[in-house]
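Shown next, in structure tokens, is the structure this report addresses.
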Number of protein chains: 2
Amino acid sequence: MAVTITDIARRSGVAKSTVSRVLNRKTTAVAVSDTTRRLVEKVAHDLNYRPSFSARALNSGKTRTLGLVCGDFQSPYVSEMVAAEMVAAEARGYHVLVSVTQWNPEKELQCLEMLLERRVEGILMLTDVVRPGNEYYEYFKKERFPVVLQECDYSDVSTLTHDCQAGFDEAVAHLKARGHRGVGFVRQEAKPTRDYKMIAFAQACQKHQVAAVTYDCGVTLDCGKEVGWRIARAANRPSALIVYSDYMATGVIYGLRKQGLSIPEDMAVIGMDGTQLGGVYYPPLTTIDVGITATGGAIVDLVLRQVEDRNRAPEQLVLPTRLLVRESA
Amino acid sequence: MAVTITDIARRSGVAKSTVSRVLNRKTTAVAVSDTTRRLVEKVAHDLNYRPSFSARALNSGKTRTLGLVCGDFQSPYVSEMVAAEMVAAEARGYHVLVSVTQWNPEKELQCLEMLLERRVEGILMLTDVVRPGNEYYEYFKKERFPVVLQECDYSDVSTLTHDCQAGFDEAVAHLKARGHRGVGFVRQEAKPTRDYKMIAFAQACQKHQVAAVTYDCGVTLDCGKEVGWRIARAANRPSALIVYSDYMATGVIYGLRKQGLSIPEDMAVIGMDGTQLGGVYYPPLTTIDVGITATGGAIVDLVLRQVEDRNRAPEQLVLPTRLLVRESA
DNA sequence: TTGTAAGCGTTATCAT
DNA sequence: ATGATAACGCTTACAA
């Protein structure tokens, strides 16, 4: 197999522990003679030695690794969020193990199992299978395992959500100011949790006195296309739409256009998430921005707080959203 | 720390080895009495036992893990490719450790180091820092370490490239058939390796007798926007463009439009990669498709072939490309 | 300054 | 059918 500390010890005629000492120069307490040090270092280098993560993890009980569970990478929201979280974790000296479930609940459990077996020190969940009653939820709760559920709001574990209300208020106000009297909301169908976006939408419409309609939509782009197509043909369709994600907004717009509508002339469309890709779409997407980079940083900070102090109480972090006006509405 | 096999042994009054036997029911050779089995299983379940990956890896010398190095996830090409590779690996019983370098050569080496320390059994490289002369290149070569370099063509290690020629030929022929007499190619600037796309483009233009121009472009979307903007204002610009990636094509189109051009009327644009997202762009992107899903599967198969037989000679796999006609050209 | 030995959680090889 | 023990690669007391 790979080169070990024992190989180095043998080759340089010293004990394993001496090699270990040299290789972890940190041990300032005990010193090593310059001669041995140089010798060992040379041998280690010549042999292409690389410490074994598993051996170290086993004996230290630490992995400096976080787990991240997501359904897939299709949507730019997810891939940008994953990237943001990886970068943030890296900056704090942690690695991230990404696990994709392909939206299969069974696989989701396998992913969690695998992360736990690898002894990740904390878990970030972008999917929502973990909820009260669920075996893992109870486990995390009981063990005070550092986990953060994104876009959920249970109180036994830490969560990070976005206050959509402000964003939706701004969005509806913006549409009203542009003369729209009715707004449609394309929501994600079959959400197992409370649909905060939906609620925020309804409240915003009520507050601003504009008529509200909602349309259900699946999670694939094809669903989005079909919904756009259906809305375009509907008898009395609204003149503006808010879609639950930038990704889905592109699908919906595709469907709308297939029916000959122009954006934003015939239909104003506002997305949600604030993905980078929304900015180069045509027309550039007006969107309810959740601040992906900031969110990624905040969630990593949050989980690391728990990692560093397992007795810390769970936190429910709520981040603001704001309307980012571009050209699609 | 976590529950161990020893805890279970103690709690159920049997030896560690018995517990291990029960937990790895595979050991058909030696049997365990039904009573002990049930007892141990119950205790393990009650205690929420989870085997330690590190301990197993240490003891077996296997991790069933592949490493994957990429610059970032910004471009849909990368995120779709990473997803495809993860899914393919998963299907073959391997996990993928993703490591992002943020295009920083120094970090790239750290990523490799980290993957090697974790004893991944093979590495997939989407970036191109590993090349002859490079310390890691020599290491991989010498150790016959299972590694696949994507879009590079050295012969000491396995590589996977795409035969762009067919795709470019089709693309140029398509443009010519639509009446374009000159075609521009937006290439990635400062490629440290031979630029195959560039070469294929030049050949295709020569073959089809159309005038060729090339434009250099950085890797960020902003670079793409600026190049589009510059091309739009150029005195005698071509009427059609091929861009080195779908992602960058969206940036270029953005710039073109800022100058008032319509796509494809004022400028036909062909992207490259065949990303899913290109299909919902507006207008849907005509693109030179590399077949991301198939590529992901092929590359995982390739690296696993090497994993299973370290003495296997490196392979240079070349996959076909084809033109996917949509609406942008 | 350096060596010896125990232990981290598993599995595998012997015994019993 | 089950138990004891060594080994995997490393770190860390403790001795020398």
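Because only heavy atoms are used, hydrogens play no part in the values below, and waters and symmetry mates are left out as well, while side chains stay in. Labels below follow one simple rule: chain letters A, B, ... track the order of the sequence lines, proteins then strands, and each chain is numbered from 1. Since we're looking at a predicted model, the values are computed, not measured.
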Q. Is a donor-acceptor contact shorter than 3.5 angstrom present between the side chain of B/Ser17 and the base of D/dG3?
A. yes
Q.
Check this for me: does the side-chain of A/Lys16 come within 3.5 Å of the base of C/dT4 through a donor and an acceptor?
A. no
Q | Base C/dT1 paired with A/Thr18 side chain (donor-acceptor, <3.5 Å) | A | no
Q) 5'-most contact on DNA chain D: B/Arg37 or B/Arg119, nearest heavy atom basis? A) B/Arg37
Q. Is the shortest side-chain N to carboxylate O distance from B/Arg11 to B/Asp7 below 4.0 Å?
A. no
Q. Is there a side-chain polar atom (N or O) of A/Thr36 under 4.0 Å from OP1 or OP2 of C/dT2?
A. yes
Q: Could you tell me whether A/Phe53 contacts a base, only the sugar-phosphate backbone, or nothing, with contacts defined as non-hydrogen atoms closer than 4.0 Å?
A: nothing
Q. Which nucleotide sits closest to the side chain of B/Val32: D/dG3, D/dT2, D/dC10?
A. D/dT2
Q.
Is there a side-chain contact between B/Ser20 and the phosphate of C/dT11, meaning an N or O under 4.0 Å from OP1 or OP2?
A. yes
Q | Nearest-angstrom distance from the residue atom CZ of B/Arg21 to P of C/dC14 | A | 14 Å
Q. Of all the nucleotides listed (D/dG9, C/dT2, C/dG9), which has the minimum atom distance to the side chain of A/Thr4?
A. D/dG9
Q: Find the distance A/Asn59:CG to C/dT10:C1' and express it as a whole number of Å.
A: 15 Å
(Q) Counting the atoms with a prime plus P, OP1 and OP2 as sugar-phosphate, which does B/Ser52 contact under 4.0 Å by heavy atoms, base, sugar-phosphate, or nothing? (A) sugar-phosphate
Q: Please determine which of B/Arg50, B/Arg118, B/His95 meets the side-chain contact (heavy atoms from CB on, under 4.5 Å) test together with A/Arg118.
A: B/His95
Q.
Nearest whole Å is fine: how far is C/dT1 C1' from A/Arg38 CZ?
A. 15 Å
Q. Is the shortest side-chain N/O distance from B/Arg56 to OP1 or OP2 of C/dG9 below 4.0 Å?
A. no
(Q) Please determine whether any donor N or O and acceptor N or O are separated by less than 3.5 Å between the side chain of A/Arg50 and the base of D/dG9. (A) no
